[in-house]
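Throughout, a chain's letter reflects where its sequence line sits, starting with A, and its residues are numbered from 1.
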There are 2 protein chains.
Amino acid sequence: MQQPPQKQPQSYRELEALMSTEYATLSKRLQQTARFMLDHPQEVALATVAKIAEQADVTPSTLIRLANSLGFKGFSEMQQLFRSRLVDELPNYTERIRAVRSATGETPDSTQLLWEFADANRAVLEQLPSRIDPESLEKALDIFEKAHAIHVMGARRSFVVASYMTYALAHVDKPALLVSGLGGMYREQLRAMSQHDALLTISFSPYAEESQRACEGAKQRGLPIIVITDSHLSPLASFADVVFVVNEAEVKSFRGLTASLCLTQALAISLGMRQDKAREKAIQQDQQRNP
Amino acid sequence: MQQPPQKQPQSYRELEALMSTEYATLSKRLQQTARFMLDHPQEVALATVAKIAEQADVTPSTLIRLANSLGFKGFSEMQQLFRSRLVDELPNYTERIRAVRSATGETPDSTQLLWEFADANRAVLEQLPSRIDPESLEKALDIFEKAHAIHVMGARRSFVVASYMTYALAHVDKPALLVSGLGGMYREQLRAMSQHDALLTISFSPYAEESQRACEGAKQRGLPIIVITDSHLSPLASFADVVFVVNEAEVKSFRGLTASLCLTQALAISLGMRQDKAREKAIQQDQQRNP
DNA sequence: GTTCAAGTGAAATAAATATTCCAATAATAC
DNA sequence: GTATTATTGGAATATTTATTTCACTTGAAC
């Protein structure tokens, strides 16, 4: 173990960086230890060498060796950085954001903006679940469950939400089609909607023409329609069998997507769980019939 | 010292309450100690008996006596509650979600799931800004500002983030190209990268092959690379000029995208603000020259 | 003022925790 | 295959840290 003269990290951040760069040069056990520490920083901050070693499934010596090879005199010295991280990151969030704001002279605008965004989106998420009607959720899931396939439509900003929904649905084994308009083929994609399917449209002000067309098309063909939008007065709302109205954060006149994504995520996974249950049931009944 | 049979507090809150009610009945030194502890909870959580005693200007024995008179077997036991407070307020999210899960029974219905999602994502947003290094943010923005165009790469789950970034960049008048692989043209899209551009790659475990290729390509052509990923040990990190490590929420083994989106949003808009400033400046200088 | 109990501080002790050391093992070079 | 070096686990040791003890002080009751 030839030891390159190493500068000892002075902050948790530096330590994190050092661990990443040195990771490849470490031995198997030391890598295992490093990974555990990066993954469970607060465990490392508070537990004893013996406990951490046990959880990381290595021996205490290994922890000390890792600390040494990262330039520390001993493990305790390294642990101090993990502790400082706890303390640095703990302070009451609202206080902290105020502090960042007031210290505007020193902190770069970008950091301040990040705090504002995070805070605005956080606030939105706090409200979201209580503003979504449980019955609507269940109704939407009923529709999705019955549908052979789900067409998902979202233009411009909403496209992000639509593509995430398509991704998530595919991952719970629900056939999903993203109405993307790729190749100028909106019309063709809409024609592919059968009456056994369902349409999910996401649309925010200013409501894209295409989204309305999609809903009209679906209506004609008799598909159930679910809409995620930003107002009860949205032109999309009138088409819908189920409407979800979400309030997105707005900073510097840019609107977020956090709430919509959170909702679609919950929808997709709830659907997945329903399907799992239904399948289990089917298997059980099958077994009872042919024992 | 007649000892009223005392129930030992089980949480920091209970302890806080107990200290308040018992305060009047304590002796002078014990009051002094109690006051210090309530005023400096995080000091108490992490320091040793000797250090705390010194700071509170009492002797170590006093700390132990206080702990005993509050129903604890020793000081260490009491300190545990101070530590749990640290952890509870800056929790490991997966642990916390697990707590919600187990508390609500086995079959969470859709609404419950929505609450879990919202809560998990909210928690993630709380920690996000303090975990992003301000210098990295500025460095990334420098790179973006200098770049003629920004190529944005994200496969599978990260595609959502990449497409949002592309959208947002376009809205702040920054030329942005989404490396989508559409029509099997990854190669061609990568070839379009010039050395005056920059590459932003978003990639989460399991890291898509294509994302690594994009970084390799950019490296060869001498483009600066910015990476958003989920671990310092990500294979992408080694390519990057700037790495952002974000911690996404996980519910039912589905990971969210909230933190990444929040970060990209902040990046895009910060960039927009910088550009605005630069333009204003240019106009002013222009006017001074030709008044 | 004397007596007694509660309170206190400092040193002694006990417990816990971290670190070192060495023998055993695994990996690498020859 | 054998020699050599790096790595590892576990026991032995050193260190730190908590707790106990006891002599001393303070304050209240008579």
Side-chain angles (χ1 to χ4, degrees), chain A residues 1-6 8 15 19 22-37 40 42-84, chain B residues 1-6 8 15 19 22-37 40-84 86:
Chain A
M1 180 166 72
Q2 90 279 34
Q3 190 61 28
Q6 219 141 30
Q8 171 188 335
L15 172 58
M19 282 175 113
E22 294 295 293
Y23 186 77
T25 76
L26 297 173
S27 74
K28 198 181 106 207
R29 276 286 124 93
L30 294 190
Q31 286 191 350
Q32 178 184 347
T33 312
R35 182 170 281 276
F36 180 86
M37 291 181 119
H40 306 86
Q42 62 188 40
E43 190 63 32
V44 177
L46 294 176
T48 66
V49 176
K51 291 218 179 86
I52 300 165
E54 193 193 333
Q55 293 207 47
D57 199 27
V58 298
T59 57
S61 333
T62 312
L63 293 194
I64 285 127
R65 276 195 277 267
L66 178 64
N68 288 145
S69 71
L70 290 172
F72 297 96
K73 231 187 101 205
F75 172 78
S76 305
E77 219 172 48
M78 183 178 181
Q79 191 180 38
Q80 275 312 112
L81 294 187
F82 280 84
R83 292 189 165 184
S84 74
Chain B
M1 182 165 70
Q2 90 281 34
Q3 191 62 27
Q6 221 140 29
Q8 173 187 334
L15 172 57
M19 281 174 114
E22 296 294 293
Y23 187 76
T25 75
L26 297 173
S27 74
K28 199 181 106 205
R29 275 286 125 93
L30 294 191
Q31 285 191 350
Q32 179 185 344
T33 311
R35 177 170 286 276
F36 178 87
M37 292 182 120
H40 305 87
Q42 63 187 38
E43 189 64 33
V44 176
L46 294 176
T48 65
V49 176
K51 291 215 179 87
I52 300 166
E54 193 193 334
Q55 293 205 46
D57 198 28
V58 297
T59 59
S61 332
T62 313
L63 293 195
I64 285 128
R65 275 196 276 267
L66 178 63
N68 288 147
S69 71
L70 290 171
F72 296 97
K73 229 189 108 204
F75 173 78
S76 304
E77 218 172 51
M78 183 179 181
Q79 193 181 35
Q80 276 311 112
L81 293 187
F82 281 84
R83 292 188 165 183
S84 75
L86 273 192

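Rounded to a whole Å, the CG atom of N68(A) is 12 Å from the P atom of dC21(C). Distance CD (E54(A)) to P (dA16(C)): 16 Å, rounded to an integer number of Å. What separates CZ of R65(B) from P of dT19(D) is a distance of 13 Å, to the nearest Å. With rounding to whole Å, L66(A) atom CG is found 14 Å from dT8(D) atom C1'. Here dA26(C) presents its C1' atom at 14 Å from CG of L30(A), a figure rounded to the nearest Å. Atoms CZ (F75(A)) and C1' (dT20(C)) sit 16 Å apart, rounded to a whole Å. The CD1-P distance, from I64(A) to dT16(D), rounds to 14 Å in whole Å. Per the geometry, CD belonging to Q32(B) stands 13 Å off C1' belonging to dG9(C), to the nearest Å.
Side-chain N/O atoms of R35(B) and Q32(B) include no donor and acceptor closer than 3.5 Å.
Of the candidates dT19(C), dG9(C), dA18(D), dT19(C) carries the atom nearest the V49(A) side chain, counting heavy atoms from C-beta on.
Without hydrogens or angle criteria, E43(A) side chain to I52(A) main chain gives no donor-acceptor distance under 3.5 Å. Q31(A) contributes no side-chain N or O that, together with a main-chain N or O of S27(A), makes up a donor-acceptor pair within less than 3.5 Å.
Nearer the 5' end of DNA chain C, as judged by each residue's closest nucleotide, is the contact made by T25(B), out of P60(B) and T25(B). Comparing K28(B) and A50(B) along DNA chain D, the residue whose closest nucleotide (by nearest heavy atom) sits nearer the 5' end is A50(B).
Between T48(B) and the phosphate of dT16(D), there is no side-chain N or O to OP1/OP2 separation shorter than 4.0 Å.
Not a single donor-acceptor pair, N or O on each side, falls under 3.5 Å between the base of dG9(D) and the side chain of R29(A). One can find a donor-acceptor pair under 3.5 Å joining the base of dA10(C) and the side-chain atoms of S61(B).
Taken from OG1 in T33(B) to CG in L26(B), the straight-line distance is 9.0 Å, to the nearest 0.5 Å.
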Would L81(A) and F72(A) count as a side-chain contact (heavy atoms from CB on, under 4.5 Å) if you check the C-alpha gap in whole Å, the side-chain angles of each, and the deciding distance to 0.1 Å? CA-CA 11 Å; L81(A) 294 187; F72(A) 297 96; 3.7 Å; yes
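Here S27(B) lies in heavy-atom contact (under 4.0 Å) with sugar-phosphate atoms only.
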